[in-house]
Number of protein chains: 2
Amino acid sequence: MGEIAYKIAVRGRAGIRDVAEAAGVSVATVSRALNKPDSVTPVLRARVTDAARRLGYLGNGAARALASRRSGAMGALVPTLDNPIFAACIDAFQQRLDAHGISLLVASAGYDAAAETRGLRTLLQRGVDGILLVGAAHEPETWALLPPDLPAVVTWMHRAEGCALPCIGFDNAAAAARITRHLLALGHRRIGMIAGLARGNDRAAARIDGVRAALAEAGLTLAPPLLAERAYSVAEGSAAMAALLALPDPPTAVVCGNDHLAFGALVAARRAGLAVPADLSVTGFDDLDFLAHGDPPLTTVHVPAAEMGRRAADHLAALAAGKEPPPPAELEAPVVLRGTTAPPARRRATPRRARA
Amino acid sequence: MGEIAYKIAVRGRAGIRDVAEAAGVSVATVSRALNKPDSVTPVLRARVTDAARRLGYLGNGAARALASRRSGAMGALVPTLDNPIFAACIDAFQQRLDAHGISLLVASAGYDAAAETRGLRTLLQRGVDGILLVGAAHEPETWALLPPDLPAVVTWMHRAEGCALPCIGFDNAAAAARITRHLLALGHRRIGMIAGLARGNDRAAARIDGVRAALAEAGLTLAPPLLAERAYSVAEGSAAMAALLALPDPPTAVVCGNDHLAFGALVAARRAGLAVPADLSVTGFDDLDFLAHGDPPLTTVHVPAAEMGRRAADHLAALAAGKEPPPPAELEAPVVLRGTTAPPARRRATPRRARA
DNA sequence: TTCGCTCCTGAAAACGCTTACAGAGCCCGC
DNA sequence: GCGGGCTCTGTAAGCGTTTTCAGGAGCGAA
């Protein structure tokens, strides 16, 4: 034992052979006792776990991964962590993976195609056992990189055309349509949209489609300048709203592609002297908690980010373990009615607002 | 070549031997050509990279890690990703690591000591080349686990008593003191604080200390019920503020331990019919962008989260590469004055006259 | 032309663990 | 009492790279 301690001190860290020696068994037994406890006699198992604990044995993940050809890590390829909605999803994903004894490798692509492919390549090199993707719109190169037999799930969508991967998410278009119908029901007819950049972002595109579909039901259409596509940020939302308000015939309601945009829109409206929702209705998409308590609280679509993360973790863990994963059910993305929507103001005397 | 392709198809993925064979060189040369291009003849290097590209060679991270005893991954042990301030830091950390060709392994502990130790253990098993820690207050068990020679940095603090690790961050106490002095300068004398839970959270504790210190300079003290310690959440902030307002002699200003608490406080104040900042001043800590544009916009302390992430990445990358890391400089955490602070309201009619 | 150096490349030994595979007990039934 | 079958442990062969070490080629100088 003292001799073993010496060896360990020299080498820096206890190895499986040290544990084997200390427990008086072979390395194979140590491996078995630690990895599948049932396959070993209780007394031996105790001897081994005991020795392992005494020596502070941790194990070498690389060696384990190499020998077992499983890394015990999942990868998440997300647009960014800087948006709380993704952070919430990844946080939940990680926690659930942890419960499965799996680690999380994160690659964020920053809405950039090249970075995305690079991120995936890195994840693959690291030998992840599965991958969480956001959305199904990716570069051909990215798809080509993805080994067909590697467990992977697409989140944030309920289904994706021509994508064989399981989808864990909700129906963006339907949700966008629902919130638009709410505006329609309120009596709005001139409805604008500040959407996310649809290029390479199928969720953003689907939301536009949904709004368009709902509008079509009412015989309305959506096109620039009433449709603005902007990067997801508060500043862009502000700018877009300002542009909308500068129109000769501004909309009475604006549905936004996400909460950041909506918040920016709110700021711009206030800056323009407009009261929300009296003068202008605004809706969001995500349901960030800060905006739920704002003044006025934002009417928005609730995105089940954490739930997606948890389900993705369960799904991938099952897949990686060779088990049958739970069938991916469509998640709810309910409209949550709060304070930023109301019937349109009565027709104003002058087309232009009083103050600017 | 066709033969090689066949082998690869059978085995699933191209290995270094396939590349070697395709390029007509030894595996050693392939390894060198790919890892340190300068150590190999240009023509051979081209042959190798060419073959690697043709075969879609990615490399096996586990094998590489095992042989080189470096994993090429850094670990981040954070309280949670669900708070945008940490998410922003980790996002920046990841991006910068990526620039160094390093991957990110995330473990979030959820402000739970046991989970934290478990998370660190996982990171260590995975063989990370370095670790980002938030704060220096950790379980003894956690510290014991951390190999003394493993590169690690503490973020979110400028320095930590009795902690030898490099600190990359700002001075929580000083920043809290500064924002408190701002309140004092405005004329507030009855100042409350809604702090984070200080137990096991040195940042939260330092902020309390800072407020206390500033108050002491003015001959004031801070103690319950004027000091409330609450978990970092909007709801807790609300509840705490409600309690503060229910006091016989409520504070005229409240400094909050973070922006979530401050936002909750704002909500509670509004609910109580109080105008901020006219009737009550509130300050935050973090500078989340949503609150910068709120109504009123929050006066708060700006926390350089992204900058900490970037510097931590650079520092760890240098350490892991055996280079001299840049000396960790103290980061700025400036008070940003916005709309939630103002001089105290003139003495209200009802309560007994306050001391001058 | 030959010797000595330097620069490159290849052969082969780790790296630390998992996992067939096979051997050794052991119990039980006949 | 003995053989068969079963369970449990140990032996050893990889897993796919990196890296050390040594050999070989090429070049310049004598």
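Just so it is clear: chains get the letters A, B, ... in the order the sequence lines come, proteins before strands, and each one is counted from 1.
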Polar-atom pairs under 3.5 Å, protein N or O versus N or O of nucleotides 23-26 of chain D: list them with distances, or write none.
none

Using the 3.5 Å cut-off, write out each protein N or O paired with an N or O of nucleotides 9-12 of chain D and the distance between them.
unit_1  : atom_1 : unit_2 : atom_2 : d
dT9(D)  : OP1    : T41(A) : OG1    : 3.3
dG10(D) : OP2    : S26(A) : N      : 3.1
dG10(D) : OP2    : S26(A) : OG     : 3.1
dG10(D) : OP2    : T29(A) : OG1    : 2.5
dG10(D) : N7     : R32(A) : NH2    : 2.8
dG10(D) : O6     : R32(A) : NH1    : 3.1

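At a non-hydrogen distance threshold of 4.0 Å, L66(B), A67(B) from residues 56-67 of chain B come into contact with DNA chain C.
For D129(B) against S71(B), the heavy-atom pair with the smallest separation is OD1-N, 3.0 Å. L124(A) approaches R13(B) most closely through the heavy-atom pair O-NH2, 3.2 Å. Here the closest heavy-atom approach between residue Q125(B) and residue L58(A) is recorded as CG-O, 3.3 Å.
Among the protein residues, R45(A) comes within range of no part of the nucleic acid, since none of its heavy atoms lies under 4.0 Å from any strand. Note on S68(A): only backbone sugar-phosphate atoms sit closer than 4.0 angstrom, heavy atoms only; bases stay farther off.
Side-chain contact of S108(B) with T80(B): a donor-acceptor pair under 3.5 Å is absent, judged by distance alone.
Salt-bridge annotation for D50(A) and R54(A): present, with a side-chain N of the basic residue lying under 4.0 Å from a carboxylate O of the acidic one.
Going from atom CG of L34(A) over to atom P of dC17(C) covers 10 Å, rounded to whole Å. At whole-Å resolution of the value, CZ in R70(B) and P in dT17(D) are 16 Å apart. Atoms CZ (R69(A)) and P (dT17(D)) sit 12 Å apart, rounded to a whole Å. Atom CZ in R126(B) sits roughly 14 Å away from atom C1' in dC17(C) (whole-Å rounding). For the pair I16(B) CD1 and dT19(D) C1', the interatomic distance rounds to 11 Å; values are reported in whole Å. With rounding to whole Å, N35(A) atom CG is found 11 Å from dT19(C) atom C1'.
The main-chain N or O of R96(A) is never found under 3.5 Å from a side-chain atom of R310(A) such that the two would form a donor-acceptor pair.
Partner of L77(B) under the side chain to side chain contact (heavy atoms under 4.5 Å, CB included) criterion, chosen from L133(B), L132(B), V128(B): L133(B).
Remark: T49(A) pairs with no residue by the side-chain hydrogen bond (donor to acceptor under 3.5 Å, both in side chains) rule, at least two apart or across chains. By the side-chain hydrogen bond (donor to acceptor under 3.5 Å, both in side chains) test, S26(B) pairs with T29(B), sequence neighbours left out.
Side-chain atoms of L44(A) and R47(A), non-hydrogen and from C-beta on, do get closer than 4.5 Å to each other.
Direction of the helix axis in the helix from dT1(C)-dA30(D) to dC30(C)-dG1(D) shifts by 50° between the two five-pair termini, rounded to 10°.
At dT18(C), none of the side-chain N or O atoms of R17(A) fall inside 4.0 Å of OP1 or OP2 (strictly under the cut-off).
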*asked:* Let's go through E21(B) and R17(B) carefully: what are the C-alpha distance in whole Å and the side-chain angles of both, what is the deciding distance for salt bridge (Lys or Arg N to Asp or Glu O under 4.0 Å) to 0.1 Å, and is it a yes or a no?
replied: CA-CA 6 Å; E21(B) 193 171 343; R17(B) 341 177 49 137; over 6 Å; no

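Between H138(A) and W143(A), the ring planes are perpendicular. Angles over 60° get that label, and only those under 30° would be called parallel.
Heavy-atom distances to DNA chain C give each of D38(B) and S31(A) a nearest nucleotide, and the one nearer the 5′ end belongs to D38(B).
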